[in-house]
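Reading through the structure tokens given below for one structure.
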Amino acid sequence: MRTALTIAGSDSCAGAGIQADLKTFYAHGIYGMSVITAVTAQNTKGVMAVENISSHIVEKQIDAIFCDIKVDSVKIGMLSEIDIIKAVSSKLRQYSPKNIVLDPVMISKSGYNLLNPDAKDVLIKELLPLSTVVTPNILEAQVITGINIKSIDDMKKSCKAMLEMGCKIVLIKGGHLSTDPIDILFDGEDFKYFEGKRIHTKNTHGTGCTLSSAIASNLAKGYAIEKSIKNAKEYINVAIQNSLSIGEGIGPTNHFYSIYEKCNMIEEID
Ligand SMILES: Nc1ncnc2c1ncn2[C@@H]1O[C@H](COP(=O)(O)OP(=O)(O)OP(=O)(O)O)[C@@H](O)[C@H]1O
Ligand SMILES: Cc1ncc(CO)c(N)n1
């Protein structure tokens, strides 16, 4: 069985973070593992508190997995402090897994800062160059590159700037556009566009986590990057179409539907 590891924060209401990642891995027929970097007290209405895990325990969790189990793919989510980012990057350099998907989580949908602003430059310097693909949303791309994004052309400029800053491949997600969402992939040569119809729902808690862990799942199975993103987009679409009105705020994506409707997702290709 193929495996994937998420290095991310815990979301107590399980719509985003570690919990969303593990559900996504499971729905893809991938054995999921986790390194917890922070515990958030969070529900569909917002984040109430965050406690970071010490960088020492983050390192030990990574060691525990890599010294025992073959990891086909790594997804990185919330890393809020400089020490934790440094611990993760140095361990990933040591173990050099084949596939790393970096979701540079900064602010929750409810507006809470999940990355200490002081740590942004370290995240860029240490993790951008290590990652197979980086998946910022529009706001994150703006913070990383300093380019204000108002149009598709601005997204493309921002993609180019991300590569100049050390990314190998970038996918800028358009979920926060006011139009139909369009995600743009850039590998330094060609732009690829992943267009979709906007699904009108308030329940989009965890869309970014779900997409990045679906990409990591597809890479773990052996799909190339473009096909992995195409498959992941299909997965997130179904998960948003069937998203759940759980709680009073922004409800979570739905992974159950995909498990039953997409049994063929369990195939491996190499
Ligand atoms: N309402 C929607 N309808 C269709 N697709 C959407 C919608 N919202 C987001 N998406 C898609 O979901 C994926 C995640 O994008 P988004 O921009 O929401 O990520 P994010 O802001 O990082 O998420 P999060 O807030 O969970 O961190 C993208 O592929 C985006 O196009
Ligand atoms: C723990 C965690 N990671 C990521 C997100 C995405 O915004 C969130 N809300 N919570």
Side-chain angles (χ1 to χ4, degrees), residues 6-24 34-53 75-80 84 101-115 133-144 149 152 155 158 170-185 192-215 228-243 247 249-254:
T6 169
I7 305 177
S10 162
D11 167 5
S12 48
C13 79
I18 286 277
Q19 291 83 353
D21 298 339
L22 290 176
K23 289 177 201 179
T24 306
S34 61
V35 165
I36 300 186
T37 60
V39 176
T40 71
Q42 183 174 175
N43 60 24
T44 64
K45 294 192 280 185
V47 178
M48 279 113 222
V50 175
E51 189 152 312
N52 290 317
I53 302 297
K75 174 250 155 99
I76 305 173
M78 174 187 175
L79 307 175
S80 52
I84 298 175
V101 181
L102 170 65
D103 185 10
V105 170
M106 291 185 187
I107 298 179
S108 74
K109 281 241 155 72
S110 55
Y112 195 98
N113 235 341
L114 298 173
L115 172 74
V133 58
V134 186
T135 64
N137 64 23
I138 284 184
L139 187 140
E140 289 153 356
Q142 287 184 163
V143 172
I144 293 170
I149 299 180
I152 304 293
M155 283 172 83
S158 191
V170 64
L171 178 76
I172 301 190
K173 300 171 292 190
H176 296 248
L177 290 167
S178 50
T179 54
D180 281 336
I182 173 163
D183 299 354
I184 302 185
L185 180 74
K192 298 270 155 41
Y193 302 90
F194 298 87
E195 295 172 60
K197 282 261 158 268
R198 178 160 299 280
I199 301 157
H200 293 284
T201 172
K202 71 174 171 58
N203 298 322
T204 56
H205 184 96
T207 50
C209 302
T210 302
L211 182 78
S212 53
S213 46
I215 297 171
S228 293
I229 292 170
K230 187 172 176 287
N231 288 350
K233 284 287 293 178
E234 281 171 22
Y235 184 88
I236 187 69
N237 255 306
V238 175
I240 299 174
Q241 262 156 16
N242 297 280
S243 59
I250 303 171
T253 58
N254 183 350

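Counting starts at 1 for both ligands and their atoms, in listed order.
Residues passing the side-chain contact (heavy atoms from CB on, under 4.5 Å) test with Val105 are Met78, Asp103, Leu114, sequence neighbours excluded.
Ligand 1 has no N or O atom lying under 3.5 Å from any N or O atom of Glu140, backbone or side chain. For ligand 1, the polar-atom distance check against Asp183 finds a nitrogen or oxygen pair separated by under 3.5 Å. Considering both main-chain and side-chain atoms, Asn237 never comes within under 3.5 Å of ligand 1 through any nitrogen or oxygen pair.
The pair Lys197-Asp180 meets the salt-bridge criterion, since a charged nitrogen lies less than 4.0 angstrom from a carboxylate oxygen.
For the residues Leu114, Leu115, Asp103, the heavy atom positioned nearest atom 5 (C) of ligand 2 is part of Leu114. The heavy atom nearest to atom 8 (N) of ligand 1, considering only Gly175, Gly15, Ser108, is found in Gly175. One option in Thr135, Asp103, Thr207 has a heavy atom closer to atom 18 (O) of ligand 1 than any other, and that option is Thr207.
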ask   = Can Lys75 and Ser213 be said to form a side-chain hydrogen bond (donor to acceptor under 3.5 Å, both in side chains), step by step?
value = CA-CA 6 Å; Lys75 174 250 155 99; Ser213 46; 4.9 Å; no
inquiry  = Could you go through Leu139 and His176, starting from their C-alpha distance and side-chain angles, then the distance that decides it, and tell me whether this counts as side-chain contact (heavy atoms from CB on, under 4.5 Å)?
reply    = CA-CA 8 Å; Leu139 187 140; His176 296 248; 5.8 Å; no
key: Lys173 vs Thr207, side-chain contact (heavy atoms from CB on, under 4.5 Å): CA-CA, chis, key distance, verdict   = CA-CA 10 Å; Lys173 300 171 292 190; Thr207 50; over 6 Å; no
task = Kindly determine whether Tyr112 and Val50 satisfy side-chain contact (heavy atoms from CB on, under 4.5 Å), including the steps that lead there.
result = CA-CA 10 Å; Tyr112 195 98; Val50 175; 3.6 Å; yes
ask   = Yes or no on side-chain contact (heavy atoms from CB on, under 4.5 Å) for Leu211 and Lys233, after CA distance, side-chain angles and deciding distance?
value = CA-CA 7 Å; Leu211 182 78; Lys233 284 287 293 178; 4.2 Å; yes
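Those atoms of ligand 2 with a heavy atom of Gly9 less than 4.0 angstrom away are 1 (C). The Lys173 neighbourhood of ligand 1 comprises atoms 14 (C), 15 (O), 17 (O), 19 (O), 20 (P), 22 (O), with distances under 4.0 Å to a heavy atom of that residue. The distance from ligand 1 to the heavy atoms of Pro181 drops below 4.0 Å at these ligand atoms: 4 (C), 5 (N), 6 (C), 31 (O). Residue Ile236 has at least one heavy-atom neighbour below 4.0 Å for each of these atoms of ligand 1: 12 (O). Listed by number with element, the atoms of ligand 1 under 4.0 angstrom from any heavy atom of Gly206 are 26 (O). Near Arg198, meaning under 4.0 Å from any of its heavy atoms, are these atoms of ligand 1: 1 (N), 2 (C), 3 (N).
Under 4.0 angstrom from ligand 1, there are no non-hydrogen atoms of Val105. Within the 4.0 Å heavy-atom criterion, both parts of Ile199, backbone and side chain, lie near ligand 1. Counting heavy atoms under 4.0 Å from ligand 1, residue Lys197 touches it through the backbone alone. By the criterion of a heavy-atom distance under 4.0 Å, both the backbone and the side chain of Ser108 are placed next to ligand 2.
Ligand 2 lies within reach of Ser10, whose nearest heavy atom is under 4.0 Å from it.
Not a single donor-acceptor pair under 3.5 Å links the side chain of Ser10 to the backbone N or O of Thr40. In this structure a side-chain-to-backbone donor-acceptor pair under 3.5 Å is missing from Asn237 to Ile240. Here the side chain of Lys202 pairs a donor or acceptor atom with the backbone of Gly249 at under 3.5 angstrom. At distances below 3.5 Å, not a single donor-acceptor pair connects side-chain atoms of Ser34 with backbone N or O atoms of Thr6.
Of all protein heavy atoms, the one closest to atom 24 (P) of ligand 1 is Lys109 NZ, 3.5 Å. Remark: minimum distance from atom 26 (O) of ligand 1 to any protein heavy atom is reached at Gly208 N, 3.1 Å. Closest protein heavy atom to atom 4 (C) of ligand 2: Cys209 SG, 3.7 Å. Of the protein's non-hydrogen atoms, the one nearest atom 21 (O) of ligand 1 is His176 NE2, 2.5 Å. Shortest contact from atom 10 (N) of ligand 2 to any protein heavy atom: Gln42 NE2, 3.2 Å. Nearest non-hydrogen protein atom to atom 6 (C) of ligand 1 is Ile240 CD1, 3.4 Å.
Across all their heavy atoms, Gly174 and Asp183 have their closest contact at N-OD1, 2.9 Å.
Side-chain contact, Ser212 with Thr135: no donor N or O sits under 3.5 Å from an acceptor N or O.
For residues 35-52, the pairs satisfying salt bridge (charged side-chain N to carboxylate O under 4.0 Å, His left out) are Lys45-Glu248, with sequence neighbours left out.
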